[in-house]
Every structure is written in structure tokens, then in C-alpha cells.
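By convention in this document, chain letters (A, B, ...) are assigned in the order of the sequence lines, proteins followed by strands, and residues within each chain are numbered from 1.
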Number of protein chains: 2
Amino acid sequence: MKNPLGMAVLGLLLESPLHPHAMAATLRERGLDRAFKVTTGSLYDVVRALVREGWIEARETVKVGARPERTVYGLTAAGREEFTRWVDRLVREPQAEFPKFLSAVSYLGALGPAGAVAALRERADRLRASLGEMRAGHRDALEQVPRLFVVEVEYAVRMAEAELAWVEEVVGDVESGRLAWPEEAR
Amino acid sequence: MKNPLGMAVLGLLLESPLHPHAMAATLRERGLDRAFKVTTGSLYDVVRALVREGWIEARETVKVGARPERTVYGLTAAGREEFTRWVDRLVREPQAEFPKFLSAVSYLGALGPAGAVAALRERADRLRASLGEMRAGHRDALEQVPRLFVVEVEYAVRMAEAELAWVEEVVGDVESGRLAWPEEAR
DNA sequence: CTCCGATCGCTCGGATTCGAGTATTTGTGC
DNA sequence: GCACAAATACTCGAATCCGAGCGATCGGAG
């Protein structure tokens, strides 16, 4: 079980038992779909895996109307423990990750100086837009809930700001020639 | 074809035809395994996919001694074009990604104030260590190749610095009470 | 000259992932 | 009271991913 969505599920069930569809809906309501990739397809797989590990268990299967049955899952004692361990580990140990932008920047040379500047400028614009949305969302959320519950947005904002600053700096460096384009890089 | 490793392969073949094992070796030599997840298993799948798309093609199959045959692949004209488009798109359009730390921070509450501070402190230490390595590696590399070829390391360093700064700030905020721990968060 | 670890180069299959599809029901505007 | 969008709830199969091998060869120590 490596999928962080599993952690999200445990975290939700800490509050109260739910059926899969409700988990997805709740995660989206709380904006946690910015932090977890929540796709329904994967969700059912993840739930099955959590059951296999003994961290959650089916509580009841209710049928409302003629819709498909809903199986409600609740946390086990082991699941409760696992959740904390899981969060703790992910906070403690930086994982090697491979953001697509990092990959792309490795081959920035291929765009040529003018192409690189154009592409980076567009990225900067998009980053500014999404930063605007995040900041607004954060402000609104803070009126509803304590800061601790939206602290991950602050992290996301900081990282986006850092990226934006770097992108702008590189644009400047290319234009001023501080970042030279050697022959070998087309 | 979504795997960025495919982009890395196209980028390598731009220089000269190679067989899969040599691709992996070259990527590692150049330290690009920090930017691309290069696992041999996936590599062969990715190469097959690139052939299917018509972006690379088998050039020859040589047999040296009694070892398994090596199939050498080279770029096609379509592959050359696709590579540029690929880099351009990834630079232009920020992708929604889901770093594990972002997920974990969403449930930071579960660790309690003391637990959170402890875990964050450990992360900070690890980040400092890996920053040290990255900076040293970058310095060394700069003596060998032009800056453009290691510019992705500068990005990685900046992002790690931003994360470290944020982590240290949150530790301070928890300790000073500026980041309060409401009852609901255990 | 012979043993052993490192390197070469690839295959395989289990596990995971997720988009697209299905089918019902509720709500809304006209 | 009817059409139509949205929400409810889940299944399925195709694609992808990747760790764990596997067998050969090479280089160097003794």
C-alpha cells in the first residue's frame, strides 16, 4: 500500500464511517483533491487494499432505492495506528520525486534561447493565475476553519512562489546572456 | 505515452543511436536520474511505446559474444519534432502534481503539536543534508559543462530551499502558538 | 589459470492505476 | 408534469509500471 489516497481514506474514517463514494465527495468538498489524486477508479482499489491490510473493515451494506448498494467502511484499531505512522513517515522523510517540470528543464536547451523564454513566460503567467486562486481560496477557508486545517495550502503557495521566482530569474538570465546557449544545445 | 522517461530517451537519441541499456547508463552518468525515474523494467516498455508511436526505430541488432543481442534505436524525423513539442508543453503548462509531503501536511494535525515539531525537525535535517549534496554536485558539474546543462539542479536547489524555509517557519509557529492545535485535531 | 564479484543486457509477471462506461435517481426550470 | 442536467454509486479492462530475477561475460586477485 503506497498510494497516498489510502492515507486520505484513513484520515477521513477517523471521523466517521463512510462508503467510497462519500469519501470521494468529502475529499473534494474539503479541497483535499489538491493534495491527493482522487480518481474513483483508484479509490475502490485502494479501499480493497486497506481491507486486505486490516486497516479498515466493512460495517454494513445498505441499499437505498434501486441504486447500487453502498458498503460503509470503518477504521480498525490497526488502521488508526497505521494512519499516524503513515503521516509521520511522510513528514520525516523527503521522498525522491520527479515533477514533470524538473524533467523538462533538464532539456530546456532543446527550445533554443527564444523558445525557452517564450515557454517560461507562459508558465510564469499560469503560475501567477493559479497563485491568485490559491491565495483567495486560502483567505476564504480561513474564515471557516482554523489555520491548521489549511496549512497545506500555505505550503503549496510557498512552493509556487519559489518556482515563479526561479522562472522569472531564468528568463532574465537568458535575456542578459548570463545563461549562455552553447552550440551543442541546438 | 505519458512517461517522462520517454522524453529523456528522445533527448538522448538526439545525439546518437543507443541500445536501451546504454540509455540507462548514460542517463545515470549525467545525473539525470535525479530528474527522471529510470528503472530498467520501465525503460524497455517505454522504448516499445516510442517505437509504436513511430518516434524511434530499430537501427540494427548486434550480437557481441554470447550476450543477449542489443537492439540499437535511433530517432525518426517525427521523434525529433515530438521531443521539442514535449519539452515545450511541459515547460509551458504547470501540471497538477501530488507530492507526498503535500498529502502528509494535509493531515499534520494527527501528529499533535509535539509530534509534528519532531517530524518536521527531522525533515529539516534531511533537507539540509540533501541540499549540501546538491550544491556540491552542482559546483563540480559546473567545472565540466556549461551552466545550461545543469540548470535543473539550480531549480531543484531552489525548491528544496523554499521547502526548508517553510518547514522551519512552521516549527516556529507551532512552538510560539501562532499555529494553534484545535481540539478536533486530536 | 581459476575463482568471484561487478557489469552487461534483458525478460517476466504481478501489482497498480485510472478513464470510460453503466445505470439509477434526484432536482430544476419551464 | 416533462425533459435534462447533475448527482449517486460502482465495475471493468486495457495500459502501465517496475522489482526481481537470469544468464552471460569481463577483470583482477591470488
Side-chain angles (χ1 to χ4, degrees), chain A residues 1-9 12-13 17-30 33 36-53 55-56 58-73 86 95-100 103, chain B residues 1-9 12-13 17-29 33 35-53 55-56 58-73 86 95-100 103:
Chain A
M1 169 61 56
K2 303 186 101 193
N3 195 148
L5 185 54
M7 191 178 78
V9 167
L12 277 180
L13 296 190
L18 290 173
H19 55 104
H21 184 84
M23 297 172 196
T26 310
L27 285 174
R28 293 203 181 97
E29 258 174 52
R30 302 199 183 163
D33 55 342
F36 297 91
K37 177 156 204 174
V38 23
T39 44
T40 54
S42 309
L43 182 58
Y44 289 86
D45 293 335
V46 157
V47 164
R48 216 168 298 136
L50 292 172
V51 170
R52 199 172 52 230
E53 305 279 351
W55 297 332
I56 68 176
R59 285 286 158 80
E60 49 171 350
T61 306
V62 275
K63 181 139 180 136
V64 179
R67 290 188 220 160
E69 317 183 307
R70 298 179 313 180
T71 303
V72 176
Y73 295 90
W86 200 337
Q95 307 280 315
E97 304 201 35
F98 305 87
K100 297 184 198 301
S103 303
Chain B
M1 170 59 56
K2 303 185 105 192
N3 194 149
L5 186 54
M7 192 178 78
V9 167
L12 277 180
L13 297 189
L18 289 173
H19 55 104
H21 183 83
M23 296 172 196
T26 310
L27 286 174
R28 293 202 180 98
E29 257 174 51
D33 55 343
F36 297 92
K37 176 156 204 173
V38 23
T39 45
T40 54
S42 309
L43 182 58
Y44 289 86
D45 290 338
V46 157
V47 165
R48 216 169 298 136
L50 291 172
V51 170
R52 197 173 54 230
E53 304 280 349
W55 297 333
I56 67 176
R59 285 286 158 77
E60 49 171 348
T61 307
V62 275
K63 181 137 179 136
V64 179
R67 289 189 221 162
E69 315 183 310
R70 300 178 313 179
T71 303
V72 176
Y73 296 89
W86 201 335
Q95 306 280 315
E97 305 201 35
F98 306 86
K100 298 184 198 302
S103 304

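Nearest heavy-atom pair across A:S103 and B:A35 is OG-O, 2.9 Å. The nearest pair of heavy atoms linking B:P20 to B:L43 is O-CD2, 3.2 Å. Looking at every heavy atom in both residues, B:M1 comes nearest to B:G6 through SD-CA, 4.3 Å.
Following rounding to the nearest Å, A:R48 (CZ) and C:dC18 (P) show an atom-to-atom distance of 15 Å. In this structure, OH of B:Y44 is placed 17 Å from P of C:dG13, rounded to the nearest angstrom. Here the C1' atom of nucleotide C:dT16 and the CZ atom of B:F98 are 17 Å apart, to the nearest Å. Taking atom CG of residue B:L18 and atom P of nucleotide C:dC10, one finds them 11 Å apart after rounding to whole Å. Atom CZ in B:R70 sits roughly 8 Å away from atom P in C:dC10 (whole-Å rounding).
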Let's go through A:T40 and A:H21 carefully: what are the C-alpha distance in whole Å and the side-chain angles of both, what is the deciding distance for side chain to side chain contact (heavy atoms under 4.5 Å, CB included) to 0.1 Å, and is it a yes or a no? CA-CA 8 Å; A:T40 54; A:H21 184 84; 5.6 Å; no

Atom pairs, protein N/O to nucleotides 15-21 of chain D N/O, distance under 3.5 Å:
{"from": "D:dC17", "atom 1": "OP2", "to": "B:N3", "atom 2": "OD1", "distance (Å)": "3.4"}
{"from": "D:dC18", "atom 1": "OP2", "to": "B:S42", "atom 2": "OG", "distance (Å)": "3.2"}
{"from": "D:dC18", "atom 1": "N4", "to": "B:D45", "atom 2": "OD2", "distance (Å)": "2.9"}

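Looking at B:M23, B:R52, B:H19 one by one, the single match for side chain to side chain contact (heavy atoms under 4.5 Å, CB included) with B:V47 turns out to be B:M23.
Contact annotation: B:H21 side-chain N/O to C:dC8 OP1/OP2 distance is under 4.0 Å.
Annotation: salt bridge (charged side-chain N to carboxylate O under 4.0 Å, His left out) contacts of B:R59 (sequence neighbours excluded): B:E57.
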